[in-house]
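Accompanying notes for the structure given below.
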Protein chains: 2
Amino acid sequence: MTTTSGERYAEIIDTAIKLFRKKNYHGTSMQDIAEEVGIYRGSIYHYINSKEEMLYHIVKRPVLKGFESLKKIQEEDLPPIQKLRRAIEYHVRHYSMEHRAELAIMLEDTKHLSEKYQKLIREELKKYERTFLSIIKEGIQKGDIKELDPKIVTFAILGMTNWMYRWYAVDGILSANEVADIFIDMILNGLLVE
Amino acid sequence: MTTTSGERYAEIIDTAIKLFRKKNYHGTSMQDIAEEVGIYRGSIYHYINSKEEMLYHIVKRPVLKGFESLKKIQEEDLPPIQKLRRAIEYHVRHYSMEHRAELAIMLEDTKHLSEKYQKLIREELKKYERTFLSIIKEGIQKGDIKELDPKIVTFAILGMTNWMYRWYAVDGILSANEVADIFIDMILNGLLVE
DNA sequence: CTTTCTCCAACAATCGTTTGGTACGCCATT
DNA sequence: AATGGCGTACCAAACGATTGTTGGAGAAAG
């Protein structure tokens, strides 16, 4: 049987996250992971059942957590614009900072999961997307947000925020919160000097 | 020696684009490509020198063309806002429509190229980015665009447009130009009513 | 003494690439 | 018109290396 807790398990998962991030799922071998941890590649199977399951578990957690947290924001009693503000701030913090690597892996390697696992992940992401969408729709309905296609608006916002994993350097000049503030200003007020 | 023209070559490259897009570089074997084309996998080497070179050539063309075209837009005698408008329209058309698959491959698989090839691609992308940046800076300087960090603004725009390859369906309700128009409206005027 | 952990060898399958051979069609010379 | 040579296009087999995974043996830990 396999153990799914303990120090070694965490070490293996952390190494997998690091390597999947750098070389993708198919570009990383069990050998690569084992070497980095300092054990034989067969020994990894004491802790996990398969490489695929490993990928699934890495991606699953932040995705579940993400939806849960966003839902709470959506359910708060706040004006839609404030909700949107909070949602963007959370998204940036959660996906571009805390779970930056997992986001990258999710975006690039979910497609390599078997259909069963893939479906579970994609459903969760759809729920996340729909929650974002509902905030935008609420804003339009209440007359706070312009009547632009809410789906496109959602994709635009998720696009600019998700993109951060490709360029944002943790040791850069701006903090993630500062970036989020600029994004929010841009999204709400636009670039034009009126 | 290898031939780099002719019908078969094009067929092989097109198949590679299709499969790399669907299963990534490391998830696609020469066998996969050969099977789809209907030849032996060894036969592919009559047309190319290596799998890596193949990836490089697939990614190279749209990236070179992209910079060239954007540069022309930047050099036109137009107000910055008009340039920005055109740049976004071009970007969406070029990368999200005409070379959608190559963009996806470029974004996800450039990291698997050898350092030599990787550097060439990344340099070209930097040039593209800097050209976009210079349009924003020009707009700020002339007082047409708000004084937000121009780098962040550039990344925000490139993020929302590049993201399209993940959600935009060619057979959807909106044309790519219509999406671009919504993006531009959003970027220039923001979402806030009033 | 049992459970947890790891080594080590082996597995069938597949990887990218090389090689030698062989059809086939085009062109120039007989 | 027949001949010989040449380059293109592809087959088919083999190369060594590596893939994810399994299982048995034994060390370490409690």
Side-chain angles (χ1 to χ4, degrees), chain A residues 1-20 22-59 105 108-118, chain B residues 1-20 22-59 105 108-118:
Chain A
M1 256 297 129
T2 61
T3 320
T4 47
S5 64
E7 232 173 274
R8 252 292 142 79
Y9 175 75
E11 198 183 351
I12 290 169
I13 294 293
D14 287 350
T15 306
I17 291 176
K18 187 175 122 192
L19 294 180
F20 287 171
K22 203 192 305 185
K23 312 197 289 176
N24 285 115
Y25 179 66
H26 277 125
T28 305
S29 67
M30 297 303 272
Q31 177 80 308
D32 292 335
I33 299 169
E35 255 172 38
E36 188 97 354
V37 174
I39 55 175
Y40 274 71
R41 74 181 192 275
S43 306
I44 294 180
Y45 288 83
H46 181 69
Y47 300 92
I48 59 142
N49 291 314
S50 69
K51 193 188 177 189
E52 195 205 353
E53 201 189 271
M54 217 173 167
L55 173 58
Y56 174 64
H57 280 114
I58 288 173
V59 164
I105 295 166
E108 298 187 356
D109 289 322
T110 295
K111 66 167 88 72
H112 300 122
L113 287 170
S114 65
E115 265 190 64
K116 190 184 76 178
Y117 286 142
Q118 221 176 120
Chain B
M1 256 301 124
T2 60
T3 319
T4 48
S5 65
E7 232 173 275
R8 254 291 143 82
Y9 175 75
E11 199 183 351
I12 291 169
I13 294 293
D14 287 350
T15 305
I17 291 176
K18 188 176 119 191
L19 294 181
F20 286 171
K22 203 192 305 183
K23 312 196 288 173
N24 286 113
Y25 179 66
H26 278 125
T28 305
S29 67
M30 297 303 273
Q31 177 81 309
D32 292 334
I33 299 170
E35 254 171 38
E36 187 98 356
V37 173
I39 55 176
Y40 276 70
R41 75 181 193 275
S43 306
I44 294 180
Y45 288 83
H46 181 67
Y47 300 92
I48 57 139
N49 291 315
S50 71
K51 194 189 177 190
E52 195 205 353
E53 200 189 271
M54 218 174 167
L55 172 60
Y56 175 63
H57 280 113
I58 287 173
V59 164
I105 296 166
E108 298 187 356
D109 290 322
T110 295
K111 67 167 85 73
H112 300 123
L113 287 169
S114 64
E115 265 191 66
K116 189 183 77 178
Y117 285 142
Q118 221 176 120

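Naming: A, B, ... by sequence-line order, numbering from 1 per chain.
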Task: A:His46 side chain near C:dT6 phosphate (N/O to OP1/OP2, under 4.0 Å) - done: no

Task: Intra- and interstrand pairs of DNA chain D - dot-bracket, Watson-Crick/G-U under 3.5 Å, | marks other strand - done: ||||||||||||||.||||.||||||||||

TODO: In whole angstrom, give the distance that lies between atom CD1 of A:Ile44 and atom P of C:dC7.
DONE: 10 Å

TODO: Check whether any side-chain heavy atom of A:Ile48 lies under 4.5 Å from a side-chain heavy atom of A:Met30, and answer yes or no.
DONE: yes

Task: Nearest-angstrom distance from the residue atom CD of B:Glu35 to P of D:dC11 - done: 12 Å

Task: Test log, rule side-chain contact (heavy atoms from CB on, under 4.5 Å), inputs B:His26 and A:Thr28 - done: CA-CA 9 Å; B:His26 278 125; A:Thr28 305; over 6 Å; no

Task: Donor-acceptor contact present, side-chain A:Thr15 to main-chain A:Glu11, <3.5 Å - done: yes

- [ ] Output every pair passing salt bridge (charged side-chain N to carboxylate O under 4.0 Å, His left out) with a member in residues 24-33 of chain B, not counting sequence neighbours, ordered by first then second residue.
- [x] B:Lys23-B:Asp32

Task: Least distance between heavy atoms, A:Glu108 atom then A:Asn24 atom - done: OE1-ND2, 3.1 Å

Task: B:Tyr40 side-chain N/O to D:dA12 phosphate OP1/OP2 under 4.0 Å - done: yes

Open item on the list: Minimum heavy-atom separation for B:Ala16 and B:Ile33, please, with both atom names.
Closed with: CB-CD1, 4.1 Å

Task: Expected output: side-chain A:Tyr25 to main-chain B:Gly27 donor-acceptor under 3.5 Å - done: no

Task: Contact letters for nucleotides 15-26 of chain D, in which S counts primed atoms plus P, OP1 and OP2 and B counts the base, heavy atoms under 4.0 Å - done: ----BBBB----

- [ ] Grab the CD1-C1' distance between B:Ile33 and C:dT14 for me, whole Å please.
- [x] 15 Å

Task: Between CG on residue A:Leu55 and CD on residue A:Gln118, distance to nearest 0.5 Å - done: 10.0 Å

